[in-house]
Every structure is written in C-alpha cells, then in structure tokens.
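Below is one structure, written out as structure tokens, with a few remarks after it.
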Amino acid sequence: MNNQRSLFFNVDWFIILTYITLCIIGWFNIHAAVYDPLNPSIIDFDTNYGKQFFFIISAFMIGFAILLLDSRFFNTFSPVFYGITIILLILVLIIGRNVGGNQAWIPIGNFRLQPSEFAKFATCLMLAKYLSSGTTKVQDIKTQLIAALIILVPTALILLQPDAGSALTFSSLILVLYREGLSGYFLLIEGLAIILFVLTILYNKYIVLVGVLAIAGLCIYFYSKNRQMIKVTGWGVLFSILFIFSVDFAYNKILKPHQRNRIDLILGKVDDPRGIGYNLNQSKIAIGSGGLLGKGYLQGTQTKYDFVPEQSTDFIFCTVGEEWGFLGSSVVIGLYLFLLIRIVNIAERQRSSMSRIYGYGVASILFFHIFINIGMTIGLIPVIGIPLPFLSYGGSSLWSFTILLFILLKFDSNRMGIN
C-alpha cells in the first residue's frame, strides 16, 4: 500500500497532464480532419476518430501498467525488447503489408502493427543500458562503434521497408552520445555533412569537389607548419570526396522519384504547386487561412473539403492551424516545449546513469518528431512522413510514444532507489 501511495506522490504529474492534454487535442483534431456531417458522432469505431479514442484509452492503460512495474524490469529486459523489435523488423519485410509504397505494417486482424515505432523506445533502452554498463566511455572508439551499431541495425532494417522518415528519427540519438561526452567536433562534422549534402544536390558534384579542394588548399597554405592541421585537412578532403560521391549516388540511384521531388521542392530547384508541391502548398494555405484565432472547430474549409492529404496523420498540424489559428498553434507548440524542457530536467536529476541516458533519448526522439513534422507542414523541412507525437492518428505511434514517455516517468518515480 505504501509503495502504491509513493508511486502517485513521486510521479511527475505535470508531464502526465501535458500528455493527456495533447492526446485530447489530437483526438478532437482527428475528428475535425475526417468529420462527416452525415455521421457527426465523435465516438464511432468505424471512423479514425472512433478508433483513436480506443487507442487513447488503451494507451492510458499501458502507461498506468508501466508505472506499476518495477523500474529494474526495464533495465534487465532491455536487450529482450531490443531483440524482439529487431525480429519484428525482419518479419515485416517478409509478411508485412505494403501501404503507400512502404512495407512497414504487420496485419493482425483489422489492426496493423508498425514495428518501426516500437523500435524507438527499445533502441533508447538498449543504448542507455550499454552506455551505463560502467565499462564504457563515449570517448573510446570501441564504445562509439558499438553504440553506432545499436542505432544502425534498426535504422538499416527500416530503410529496407523503405521508410526513410522513421529511419531518420534514429539519427537524433547522436544528441545522447554528445551529452555523455562525445566530442563537439562530431556535431561540427554532422553540420558540415548537411552543408555538403545540400550543395551536392543543388550543384554539380565536381563543382562542389573543386570548392572543397580550394578550401583545403587554403588551410594547407595558412597552416603549412602545423603537421596535425595538414593531417586533419587531408582526412577531411578524403571523407568529403567519399561523401560527395555517396550523396550523388544515393540521390540519383537509391531515392525514389517522389523523395527526390520533395527535396528539390524545399531547396527551390522546382516550383510545382499543382503537382509535387500540392501537399505542401495546401498545407500552408490551411495554416495561413486560420489567422490569429482560427475559423473555429469543424469550420475549416481546407480541412472539411479534404484539400490536404493525410490530414489526420502526418498533416494533423494543418487542422490545428486552420481551425484554432495562430493562438491555438502556439498553445500546442508551447505544450511541446514545456514537455521537452521538463523531460530534460527529469533526465538531469536522475541518480542512475541509465535513467539519465534514457531520458535524453526520449527528449531526442520527441524533439526530432515535433521539429520535423511541424517544419514540413510549414515548408521548412522536406515532407518525409512521420507522425506528430500524441496528436497524429495511429495506434502504433501513440502506444510507442506512450511507452517511451512512461518508462522515463517510472525511472524518475523510483530514482531514489535505482542503482
């Protein structure tokens, strides 16, 4: 009895209330996105919003069940969770159902399970367990390689589906390694890689290569007496050449035409509001038409007349922008900011290194989803198709985000007793 009482006293209710609020906001906006005047009931299990109601209730039950478990359960069984998700990611490639060009779902009756969503919390747990083992240092090459392997195995399997959006989510876990002592140079390298990626797509690869060689020549000229700098420059040139040709090959040979089109659209290489830019154009029209206070619940014309595709899933933020306006959008973004800041604060107050590392994993995954999803609806990021946490329609995504968050809450509620 005392344990149950301490559970409810120690759990972070600010996060739980924020989580519940976001789920409810999501439910009402899913109802608005697929609203049918001939079937106005908000609870109808033949509709997306009726199904989402079931997903939300079951997610609450999953979260409550997690809080009742011993926190050591997740530490002990993290390799098991990781192994199961890897098996499921392999299985989906064999028996999975292809939807929209991605073989990412395992059919279970009328429900479709998406293993890539559950791989996120399992990978965070496994990474946290490995990095907190007491025998690892992020500064060591061996530790970096094993940590990279833990992240890259599910990433590679998800890319085979192919689901580039979900696969890219795992790249955010580099922030966990950075918090644990990874050199800031790696973030600098990642930033330079992004610049090279954009330049290689915008211009001929040989022009970019000449630019890299010119910069390298200047570095060697000004640091001709610094052997270490010359060595670093040489390695930098080598990796830059390999990266430029890899990007060119991947862009032209691996990416599908619609994926290249989305990148070209954002980078301004093409302007086709009626063709490849239709989704993005309609999304921006929907959000912009909401004005300051929005058009009102169920009053959005872009929403009501189905102008924006996938509006209850990837583009749910359009409904928020159109019907609730700038003010409503700001409230949603504010709730997300509060949630992220609170998660980071929780991570920092942990006595257990595993809990801290896992907390930063949760923050990284959620931040990536929020930033990319909202960014793509307003035209800042290419459309890559990932859900907005707790708002987008879907059982797998809601359950996986719930598990991701509530495991952290469990770690935090027992932080005084975790070794």
Side-chain angles (χ1 to χ4, degrees), residues 1-26 55-82 117-118 120-134 172-173 175-176 179-180 332 334-367 369-370 389-391 397-419:
M1 191 68 173
N2 289 333
N3 289 337
Q4 297 302 322
R5 187 179 295 115
S6 63
L7 163 67
F8 290 103
F9 275 114
N10 293 334
V11 73
D12 194 307
W13 284 103
F14 289 107
I15 281 189
I16 290 180
L17 290 174
T18 305
Y19 159 80
I20 293 173
T21 302
L22 288 169
C23 287
I24 293 173
I25 290 173
F55 295 148
I56 291 172
I57 297 301
S58 55
F60 291 170
M61 295 172 65
I62 290 171
F64 182 73
I66 289 172
L67 294 179
L68 292 178
L69 292 171
D70 192 310
S71 57
R72 288 171 293 188
F73 170 83
F74 300 103
N75 191 331
T76 303
F77 287 94
S78 53
V80 177
F81 294 138
Y82 184 77
E117 292 295 334
F118 296 95
K120 295 167 188 175
F121 87 85
T123 303
C124 283
L125 273 177
M126 188 64 203
L127 184 65
K129 183 175 180 62
Y130 171 68
L131 294 178
S132 64
S133 62
S172 65
L173 293 177
L175 297 176
V176 178
R179 167 60 183 83
E180 292 305 304
V332 170
L335 287 170
Y336 278 129
L337 285 175
F338 173 80
L339 182 66
L340 290 171
I341 293 171
R342 192 77 180 178
I343 289 172
V344 171
N345 288 337
I346 285 177
E348 285 296 335
R349 75 189 184 194
Q350 299 305 302
R351 298 177 64 211
S352 159
S353 56
M354 178 172 180
S355 302
R356 182 187 67 249
I357 296 167
Y358 179 78
Y360 272 93
V362 174
S364 299
I365 294 291
L366 290 178
F367 172 76
H369 270 269
I370 295 164
F390 314 120
L391 262 70
S397 62
L398 178 60
W399 291 341
S400 67
F401 285 128
T402 299
I403 294 170
L404 185 77
L405 183 62
F406 274 77
I407 290 176
L408 177 62
L409 291 177
K410 182 59 187 179
F411 281 155
D412 182 56
S413 68
N414 281 0
R415 66 183 179 276
M416 301 304 293
I418 298 177
N419 296 319

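In this text, all values refer to a predicted model and were calculated from it rather than measured experimentally.
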Does any N or O in the side chain of [X] come within less than 3.5 Å of the main-chain N or O of [Y], such that one atom is a donor and the other an acceptor?
X: Y336; Y: L22; value: no
X: K129; Y: P79; value: no
X: Y358; Y: L127; value: no

Rounded to the nearest 0.5 Å, how far apart are [atom1] of [X] and [atom2] of [Y]?
X: D12; Y: T18; atom1: CG; atom2: OG1; value: 8.5 Å
X: I346; Y: Y360; atom1: CD1; atom2: OH; value: 11.5 Å
X: F64; Y: L69; atom1: CZ; atom2: CG; value: 11.0 Å
X: K120; Y: I403; atom1: NZ; atom2: CD1; value: 12.5 Å
X: F411; Y: L125; atom1: CZ; atom2: CG; value: 5.5 Å
X: L405; Y: L339; atom1: CG; atom2: CG; value: 6.0 Å

With side chains defined as the heavy atoms from C-beta onward, is the minimum distance between [X] and [Y] less than 4.5 Å?
X: S355; Y: D412; result: no
X: C124; Y: L173; result: yes
X: W399; Y: S58; result: yes

Q: Only one of L408, I407, I365 passes side chain to side chain contact (heavy atoms under 4.5 Å, CB included) with F121; say which it is.
A: I407

Q) Who passes side-chain contact (heavy atoms from CB on, under 4.5 Å) against D70, sequence neighbours left out? A) R72

Q | Full working for side-chain contact (heavy atoms from CB on, under 4.5 Å) between V344 and L340 | A | CA-CA 6 Å; V344 171; L340 290 171; 5.7 Å; no

Q | Contacts of type ring-ring contact (aromatic ring centres under 6.0 Å, His included), residue F14, not counting sequence neighbours | A | none

Q.
Taking ring-ring contact (aromatic ring centres under 6.0 Å, His included) as the definition, give me every residue that meets it alongside Y130, ordered by chain and number, with sequence neighbours left out.
A. none

What is the minimum heavy-atom distance between [X] and [Y], and which atoms define it?
X: L398; Y: C23; value: CD1-SG, 3.9 Å
X: E348; Y: R179; value: OE2-NE, 2.9 Å
X: V362; Y: L404; value: CG2-O, 3.5 Å
X: A128; Y: M354; value: CB-O, 3.6 Å
X: K410; Y: L67; value: NZ-O, 2.8 Å

Q) Checking side-chain hydrogen bond (donor to acceptor under 3.5 Å, both in side chains) for the pair T402/Y19: CA distance, chi angles, key distance, verdict? A) CA-CA 9 Å; T402 299; Y19 159 80; 2.8 Å; yes

Q: Please work out which of the three classes, parallel, tilted or perpendicular, describes the rings of F77 and F73, given edges at 30° and 60°.
A: tilted

